[in-house]
Amino acid sequence: MGCFFCKGTLKNSFTNHVVNLQNCIIIIKNVPCEECTQCGETFYSDDVAEQLEEIVNKFKKMVRDVAIFDYANMVA
Ligand SMILES: [Zn+2]
């Protein structure tokens with residue numbers, strides 16, 4: 001399966017997931033993803049996307065300003 005946008009080749013990689021919310025910014029570092037070697041677009045597996053959503057939902061009410069998490073520390 002190639003890149004959704006350009007059909008380029010995907011490789012396993014890590015990225016920083018940034019969520020801009022109304023009151024805060026949540027940054028989750030070192031998220032496993034697939035990265036397109038051609039256009040640089042990153043894609044998450046369903047599992048990872050679900051985890052990210054859970055983390056954001058859990059912390060968005062507690063965070064003010066900016067919060068930085070490490071993905072590996074957030075997923076038991
Ligand atoms: Zn691409």
Side-chain angles (χ1 to χ4, degrees):
M1 213 181 72
C3 172
F4 178 78
F5 296 102
C6 73
K7 311 282 184 231
T9 309
L10 299 177
K11 62 167 185 181
N12 290 325
S13 184
F14 291 92
T15 189
N16 297 328
H17 183 68
V18 180
V19 186
N20 291 296
L21 299 166
Q22 246 170 344
N23 301 323
C24 64
I25 299 169
I26 296 177
I27 300 168
I28 304 163
K29 291 169 71 179
N30 302 317
V31 181
C33 67
E34 288 191 295
E35 183 183 347
C36 177
T37 54
Q38 198 160 284
C39 72
E41 190 66 39
T42 52
F43 303 91
Y44 301 123
S45 69
D46 288 349
D47 275 0
V48 170
E50 220 167 88
Q51 293 283 3
L52 290 174
E53 205 176 301
E54 250 174 59
I55 294 166
V56 170
N57 282 336
K58 192 167 161 188
F59 287 99
K60 68 180 175 189
K61 291 186 192 100
M62 301 184 223
V63 171
R64 282 169 209 269
D65 299 325
V66 181
I68 302 172
F69 302 107
D70 197 297
Y71 185 82
N73 294 336
M74 305 305 291
V75 182

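Here the structure is a predicted model, which is why all the values come from computation and not from measurement.
- Cys24 places none of its side-chain heavy atoms less than 4.5 Å from the side chain of Asp65.
- When all heavy atoms are compared, the tightest approach of Ile26 to Val56 is CD1-O, 4.1 Å.
- Both Ile68 and Ile25 are part of a single hydrophobic cluster, where members link through side-chain heavy atoms under 4.5 Å apart.
- Residue Cys36 comes nearest to Gly8 through the heavy atom pair SG-CA, 4.0 Å, listed as atom of the first residue, atom of the second, then distance.
- Looking at every heavy atom in both residues, Ile55 comes nearest to Met74 through CD1-CB, 3.5 Å.
- Connection of Val66 to Val18 is established within a shared hydrophobic cluster, with ILVMFWY side chains joined at heavy-atom distances below 4.5 Å, either directly or through further cluster members.
- Val63 and Ile28 fall within a single hydrophobic cluster, where Ile, Leu, Val, Met, Phe, Trp and Tyr side chains are chained together by heavy-atom contacts under 4.5 Å.
- A donor-acceptor pair is defined here as one N or O able to donate and one able to accept, closer than 3.5 Å; no such pair exists between the side chain of Asn30 and the backbone of Thr15.
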Walk me through whether Met62 and Phe59 qualify under side-chain contact (heavy atoms from CB on, under 4.5 Å). CA-CA 5 Å; Met62 301 184 223; Phe59 287 99; 4.3 Å; yes
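- Considering all non-hydrogen atoms of both residues, Gln51 and Val75 come closest at NE2-CG1, 3.8 Å.
- Under the 4.5 Å side-chain heavy-atom criterion for ILVMFWY residues, a single connected hydrophobic cluster contains both Leu21 and Leu52.
- Within the structure, every pair that satisfies the side chain to side chain donor-acceptor pair (under 3.5 Å) test and touches residues 32-47, not counting sequence neighbours, is listed here: Ser13-Glu35, His17-Tyr44.
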